[in-house]
Amino acid sequence: MSSSNSAKKKGPGHWSTGLLTSMEDPEMRVDEDDQCVTIKDKYPKARYHFLVLPKEKINSLKNLNGDNVELLKHIQFKGQEIADKADKHLLFRFGYHAVPSMGHLHLHVISQDFNSPCLKTKKHWNSFTTEYFIDSERIIKQLEKKGRIEIDTSSSETLLKKDLQCHICSKKLSTIPALKSHIALHCVSRKKST
DNA sequence: GTTCTAGAAC
DNA sequence: GTTCTAGAAC
């Protein structure tokens, strides 16, 4: 009896649909316009970590075609605007994960300090500091040129297992805590010193 | 994507 | 002994 769950209330759903839920929650929205919504990442991997999502239902990079170029340019512009508003003096990157865990296309807008307690694993680190993180500009150029995005899933998996390496000076570190202590010494994730 | 935790690594 | 990683989650 307890196994019947055809109730009208819809539950939280599978974890991978979490972004859609967050997108629709007004309290999560940092910014919104006719084409896209910006939210804070629920588990930020740096001091500033936002996600920009198109309102149009696009599941992943593989679903993009030449018609989406203007939308992607708009999403990147929005991301830059949000980053600028957050902190003009911090370096940010704007890009997509090669193989994201969460459904619905999302641009990561992330400051390059990577100073966050939510950054805990090798996968976290490598997903933002190796080629697993694909800059928005590259995605847009490839879309303009080829009309679609090709991702090599198996080589992406390999990237996540790479040895830990500082994104600024390339020093190799053996553990996450050692890496975190190391990057804290770099104060160069700022654009300028005034 | 996260949480939890066994056991590897130190 | 503690720290840290990595794999299951029904």
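Labels below follow one simple rule: chain letters A, B, ... track the order of the sequence lines, proteins then strands, and each chain is numbered from 1.
- Distance CH2 (A:Trp125) to C1' (C:dA6): 19 Å, rounded to an integer number of Å.
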Given the rule that a pair is Watson-Crick or G-U wobble with both distances under 3.5 Å, how would you write DNA chain C in dot-bracket, using | for pairs to a different strand?
|||||||||.
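- For the pair A:Leu179 CG and C:dT3 P, the interatomic distance rounds to 19 Å; values are reported in whole Å.
- Under 4.0 Å is where a charged nitrogen must lie from a carboxylate oxygen, and between A:Lys62 and A:Glu150 no such pair does.
- As judged by a 4.0 angstrom heavy-atom cut-off over every strand, A:Thr175 is placed among residues touching the sugar-phosphate backbone only.
- If you check every strand for non-hydrogen atoms under 4.0 Å, A:Lys120 touches sugar and phosphate atoms only.
- Under the side chain to side chain contact (heavy atoms under 4.5 Å, CB included) rule, A:Ser60 has a single partner from A:Ile58, A:Leu64, A:Asn63, which is A:Asn63.
- The NE2-C1' distance, from A:His104 to B:dG1, rounds to 16 Å in whole Å.
- Residue A:Met102 places its side chain closer to B:dG1 than to any other of B:dG1, C:dA6, C:dT5.
- If you measure from atom NZ of A:Lys123 to atom P of C:dT5, you get 16 Å, rounded to the nearest angstrom.
- Salt-bridge annotation for A:Lys55 and A:Glu24: absent, with no side-chain N of the basic residue lying under 4.0 Å from a carboxylate O of the acidic one.
- Counting only N and O atoms by type, the side chains of A:Asp41 and A:His106 include no donor and acceptor under 3.5 Å apart.
- Ring-centre distance between A:Tyr132 and A:His97: below the 6.0 Å cut-off.
- When the side-chain nitrogen and oxygen atoms of A:His14 are compared with OP1 and OP2 of B:dG1, none of them lie within a distance under 4.0 Å.
- At the heavy-atom level, A:Pro100 lies nowhere under 4.0 Å from the strands shown.
- Which of B:dT2, C:dT5, B:dG1 sits closest to the side chain of A:Trp15 comes down to B:dG1.
- You'll find the ring centres of A:Phe114 and A:His167 inside the 6.0 Å limit.
- Put simply, A:Lys45 has a side-chain N or O that comes within less than 4.0 Å of OP1 or OP2 on B:dT2.
- Across the protein-nucleic acid pair, A:Lys180 atom NZ and C:dT5 atom C1' stand 14 Å apart, rounded to whole Å.
- Using a 4.0 Å heavy-atom distance criterion, A:Ile176 is classed as a sugar-phosphate-only contact.
- Ion pairing between A:Glu144 and A:Lys141 fails under the 4.0 Å rule for side-chain N and carboxylate O.
- Whole-Å rounding puts the A:Lys122 NZ to B:dT2 C1' distance at 19 Å.
- As rounded to whole Å, 14 Å separates atom C1' of C:dT5 from atom CG of A:Leu119.
- In this structure, CD of A:Glu157 is placed 11 Å from P of C:dG7, rounded to the nearest angstrom.
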